[in-house]
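Below: one structure, written as structure tokens.
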Amino acid sequence: LSWVNLSRNLILAYQSLGVVYGDLSTSPLYVYSSTFIGNLQDHQNEDAIFGAFSLIFWTLTLIPLLKYVFIMLGADDSGEGGTFALYSLLCRHAKFSLLPNQQAADEELSAYKYGPSMQVATGSPLKRFLEKHKTLRTALLVVVLFGASMVIGDGVLTPAISVLSSVSGLQVTEKKLASGEIVVLACVILVGLFALQHFGTRRVAFMFAPIVIIWLVSIFSIGLYNIIFWNPKIVRAISPYYIIKFFRETGKDGWFSLGGILLSVTGTEAMFADLGHFTALSIRLAFAFVVYPCLVVQYMGQAAFLSRNPQKVLNSFYDSIPGPVFWPIFVIATLATIVGSQAIITATFSLIKQCHALGCFPRVKVVHTSKHIRGQIYIPEINWILMILTLAITIGFRSTTLIGNAYGLACITVMFITTFLMALVVTFVWQKSVLLAAMFLVFFWFSEGVYLSSALMKVPQGGWVPLVLSVIFMLVMYIWHYGTRKKYNFDLHNKVSLKWLLGLGPSLGIVRVPGIGLIYSELATGVPAIFSHFVTNLPAFHKVLVFVCVKSVPVPYVSPEERFLIGRVCPRPYRMYRCIVRYGYKDIQRDDGDFEDQLIQSIAEFIQMEAGDAQFCSSESSSYDGRLAVISSRTIQSSSSLIVTEREDCDGIESIQSSKSLMLQSLRSAYPDDENPGVRRRHVRFEVAASPGMDTGVREELMDLIEAKEAGVAYI
């Protein structure tokens, strides 16, 4: 541990407090009230309160501290966390993936080899069994999608319960607000929160960490004050003996109340899901040394206060605050709940994008809100759907207890699914014994299963909400995934035969005009059926044709050096190429102007590489399609025989005036590039370098490519 590394992790730990822990740290607002309202109303005595604190303490120790901080944070996928990261790790170490257009070349990606070497565990009978049965692989995908849908359910419920519980503090003041007025105020705050999303989190993120730190220090201080002032004996309740005492006294009612205790660990999943923005060490430091002690002391203080004032359980958090500091704490609590809600909304956007990358979600508009921080995105349609659902739940339930029932069920289901996936990772990725994975699974499934069974009892009292939401989202995801696979298989079975293309000759039986035609298709091999339609119905087509396939691979990020795979579709005179553009599930797919230039340079590099490689030249024309080369931007710079000249024009105002259409003029003046009227446009020109040793066929092909680029590029 060098000082540089430690200081970097401390800075990240500070930042993570605002992003990761907003939700977890605001739980004290509603845990005790949710636990004691309902079945435990007849048990509001000192023993029950001590038992409830003991349960909260051990739940916080077992689930966030032991399971997440010590175990789960080690199961990252190239630094990424979350349900999909575990799934993509499994897909790479065992053939579980259902994505159709995977190729052997994808396994050569540097990010693909993350984790232990894959050769050892090929002989696992369990692995072979799972790989052989497609129904089991489909079931695994359905489980992952169900977990993802529950996280989206969290995105709806977190803002509702957090904001409503913080605003309910106004019922404690002298001018008591009616519950209707509190719901209206909560709705106003929620509309404001969702309306600000399109600015992106970076504008407000720098305030997040200080707000959460002030909040944590405040709840720690109040907790300490309450322990000393009301009942120092509460310290004894750390002993598990009080849990046994609690269940002995409350019986079945105590088991029902576990749904409330469970709310003390809601937001824990964010520690793992947001791993990509931070490091495992920074999240561990923040939780173990700051969040965990503050939460334990706060819950202990609230229990000490309640043991002397059991009748005040409805608003126990606000009632336990000493009078002079009530208003400052109320303001900080409201800000902290907004921060916690913001974190889960951002996580929902990120999750939807990952689902789309894995072919499990319809195409949605993704807006990138930060040029510098990758992964900060905003999805307008999802934002407004979340807002409508959140408002509907706030207005419909009007009570933190009912929303808490729904919220608890959503969180524990995600944890339950994560435990299952983690057990598979222990076996297939870490290559530990099945016995160790089974021990992990049984231990955590037992502890989480107790909470899950209690949460399921609350389905009639609000617990049905996350189930309904998850089923709807999961159906959308699964149907889209099923349709995507069907469409791909249809395209695959109806490919154009190469024999037919070769029979038409290099001109394809039509006039080949200057220009480049980029034909987009899902196919990673073969020529799509629609192409034969073009050839038979159009009188002319472009001289250079490139079949472009943009696809996702089961890794978080693909480095720019490995993004392009270039190959030929037909022999050289046909001037037909294939380009496969590969993205990871967290990559930002940007169609910037550089794409065309990179493509031309990559094809030029491929042409030269092929000429220099005897293997490529000697093989028969029938096997042209399917052999691809990774063209790295580094090799282009080092060995290219293309001379690239760049010119920047400041042509903003002139282009607006010269534009023929009035509509276009008004649009361009309304939306100038980068809010800068004098737009700088890059013009890239290519020339073939004068190299005496170059083959004439290669020179001709490069000249054709450059002429086609000058003539223009068409996207088909």
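Note that the structure is predicted; figures quoted are calculated from it, not measured.
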- Task: Show the numbers, then the answer: is there a ring pair (Phe, Tyr, Trp, His ring centres under 6.0 Å) between W445 and F416?
- Result: CA-CA 7 Å; W445 260 13; F416 206 70; 4.6 Å; yes
- Query: Can you list every pair that meets ring-ring contact (aromatic ring centres under 6.0 Å, His included) and has a residue in residues 67-91, with sequence neighbours left out?
  - Reply: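 Qualifying pairs, neighbours excluded: none.
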- Do R582 and D587 sit within salt-bridge range, that is, some charged N less than 4.0 Å from a carboxylate O?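 No, R582 and D587 are not salt-bridged.
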- Determine, for E448 against K67, whether the closest basic-nitrogen to carboxylate-oxygen distance falls under 4.0 angstrom.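 Salt bridge flag = yes for K67 with E448.
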To the nearest 0.5 Å, what is the distance between [atom1] on [X] and [atom2] on [Y]?
{"X": "M477", "Y": "F361", "atom1": "CE", "atom2": "CZ", "value": "5.5 Å"}
{"X": "L263", "Y": "I161", "atom1": "CG", "atom2": "CD1", "value": "5.5 Å"}
{"X": "L262", "Y": "I412", "atom1": "CG", "atom2": "CD1", "value": "5.0 Å"}

- Message: For L424, run the side chain to side chain contact (heavy atoms under 4.5 Å, CB included) check against V429, L140, L86, L441 and tell me which one passes.
- Response: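 Going through V429, L140, L86, L441 one by one, the side chain to side chain contact (heavy atoms under 4.5 Å, CB included) with L424 is satisfied by L140 alone.
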Keeping the roles fixed (side chain from [X], backbone from [Y]), state whether a donor-acceptor pair exists under 3.5 Å.
{"X": "S88", "Y": "V555", "value": "no"}
{"X": "N9", "Y": "N5", "value": "yes"}
{"X": "T59", "Y": "L55", "value": "yes"}

For a quick check under 3.5 Å, do [X] and [Y] share a side-chain donor-acceptor pair by atom type?
{"X": "S78", "Y": "Y557", "value": "no"}
{"X": "H481", "Y": "R485", "value": "yes"}
{"X": "Q342", "Y": "T346", "value": "yes"}
{"X": "D77", "Y": "Y585", "value": "yes"}
{"X": "T138", "Y": "T135", "value": "no"}

- Does a side-chain heavy-atom distance below 4.5 Å link R8 with L12?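 R8 vs L12: side chains touch.
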- Message: Within the 4.5 Å heavy-atom criterion, are F473 and L145 side-chain neighbours or not?
- Response: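 Side-chain contact under 4.5 Å: no.
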- Answer yes or no for R137 and F96: cation-pi contact, defined as NZ/CZ to six-membered ring centre under 6.0 Å and angle to ring axis within 45°.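 Judged by the rule, R137 and F96 form no cation-pi pair.
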